**Q** 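Just passing along the structure, written as structure tokens.
This structure is a prediction, so every number in the text was calculated from the model and none was measured.
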There are 2 protein chains.
Amino acid sequence: MEKPRETPEAPREAPRKVPSHEVTYCRLRDMILFGQLAPGQAVTIQGLTATLGAGMTPVREAIRRLTAEGALDLQDNRRVSVPVLTAGQMDELAFARLTLEPRLAELACPRMTGTDIAALEQIDAEVNAAIRTGDVARYLHGNYRFHFAIYDRAGAPILLAIVQSLWLRFGPSLRVVCGRQGTSNLPDRHEEALAAMRAGDAPALADAIAEDIRQGISQVTLQGASVTAAPVDRRQDAEI
Amino acid sequence: MEKPRETPEAPREAPRKVPSHEVTYCRLRDMILFGQLAPGQAVTIQGLTATLGAGMTPVREAIRRLTAEGALDLQDNRRVSVPVLTAGQMDELAFARLTLEPRLAELACPRMTGTDIAALEQIDAEVNAAIRTGDVARYLHGNYRFHFAIYDRAGAPILLAIVQSLWLRFGPSLRVVCGRQGTSNLPDRHEEALAAMRAGDAPALADAIAEDIRQGISQVTLQGASVTAAPVDRRQDAEI
DNA sequence: CAGTCGCGAATTTGATCATATCCTGAAACC
DNA sequence: GGTTTCAGGATATGATCAAATTCGCGACTG
């Protein structure tokens, strides 16, 4: 009970167990995942130490982790940037996502409890609200939470990690599309997915997820043909 | 002239500017991939700085990369160890490998040249020689080279990176089996794969690869039931 | 004369190390 | 038994060095 006795002033950061490199990793990861960084944008170590207020070593380690996950790209100049996906790489992403994510949903379906489904309904309501109000950031967060709240239940940590990496690669491109056309034209299959979960119909859930992914990818591939063609803003602190 | 552009002792590595953290990463990766480290074995930063002769920062970054790839496991004690796979995780690996690797082979098949196939025949001959002489290390290296010489030709860098990560997760367990039963009972489907490549039959190549993977995995799952049951040697410098 | 091309200095950025601090687990001690 | 101490190891800092890019200046060319 007398555990936080040495911090009488600041009880708010008493659980100091999280290392700085972990925090830095999460923050940088979210920046990539939710579109703070555009494809092709440069990322410098010293720039991150300034903007994130972290030391050099934690930033370096976070960059190494993200690089290993494919979320960042090490150029031969030893510089780091957000990858720009080619059409072929987008096809790879489509194949991998369509293979793995429905499988995760299928595994998760029999494990979903009523509480889980209720939480998903809550998330989906938030996603729809974000689409209605045009809040891109909230939409991206909600959509992510919807998918991974399902995938988490699959109890498949390896596949889950791979899918996380796929979303990290996909995030920047998705954000470009959303930034271009707002939240209009973002139909999803969350309703179908929820219905399948309520019915305990794993194949139907897998189908709904697959269709949802197909729609999301088609948004990027159709609209994103100019992503690679357009001149890329390589400024480090470009505000989107 | 006051610029020592060439190190007087080693002019042959002048054009190479490989950073130490990259070298450390590769060395540690190979140690994991080819069975120098057993599942469950502890890996310490300071131990690696000693055995690899590298500084602390490069070792740290290499560990972060391997951790992100699933090749190492960060325990909540902040300690690092080689992961021990559960049966369920082995199933995940089987699913992912059987999904992605035949696909890579299929993509690669139409791109294989006669020179590529000749190189593969050379590698397969070495694999067979290794099996015959019971040289486990040479077998593991050869088998790896055989598969990835094919996958490299697919021109699919994202899928390739994912499969690399799968092999990294699989490596330590495979090595345990080989260490237990030598190179006997290691039939492969390399001949069928080579025949399919010569015929330009992509589906047949995919089938051969799939069957090869199935055989390898069954070796581990059948023999490896005791891997998780057996007491794990957690010494850092355990010689296998 | 103007434009540009090259070359070297200055600046930015990355890589590495030595050191200091903090955590964790466990042995030792009351 | 519970607390204290201690050693091993992980974390983080800042300094220092090296590589690369940028920039400026001058000469050469059209």
**Q** Please determine whether a side-chain nitrogen or oxygen atom of A:R79 lies at a distance below 4.0 Å from atom OP1 or OP2 of D:dA20.
**A** no
**Q** Flag the pair A:I45 / A:R60 as yes when at least one side-chain heavy-atom distance between them is below 4.5 Å, and no otherwise.
**A** yes
**Q** Would you mind reading off the distance between A:I63 atom CD1 and C:dA15 atom P, rounded to a whole angstrom?
**A** 9 Å
**Q** Evaluate the side-chain proximity of A:L166 to B:I162: yes if any heavy-atom separation is below 4.5 Å, no if none is.
**A** yes
**Q** Could you tell me whether the phosphate oxygens of C:dA15, OP1 or OP2, come under 4.0 Å of any side-chain nitrogen or oxygen in A:R64?
**A** yes
**Q** OP1 or OP2 of D:dA12 less than 4.0 angstrom from a side-chain nitrogen or oxygen of B:R78, does that happen here?
**A** no
**Q** Tell me whether the rings of A:F148 and A:W167 are parallel (<30°), tilted (30 to 60°) or perpendicular (>60°).
**A** perpendicular
**Q** Nearest whole angstrom, please: distance from the P of C:dC17 to the CZ of B:R60.
**A** 14 Å
**Q** Taking side chain as C-beta onward, heavy atoms only, is A:P157 less than 4.5 Å from B:Q89?
**A** yes
**Q** For D:dA10, take OP1 and OP2 only and decide whether either is under 4.0 Å from a side-chain N or O of B:N77.
**A** no
**Q** Heavy-atom nearest nucleotide on DNA chain D for B:V80 versus A:P58: which residue maps closer to 5'?
**A** B:V80
**Q** Look at the side chain of B:Q46 against the base of D:dG8 and say whether a donor-acceptor pair falls under 3.5 Å; ignore hydrogens and angles.
**A** no
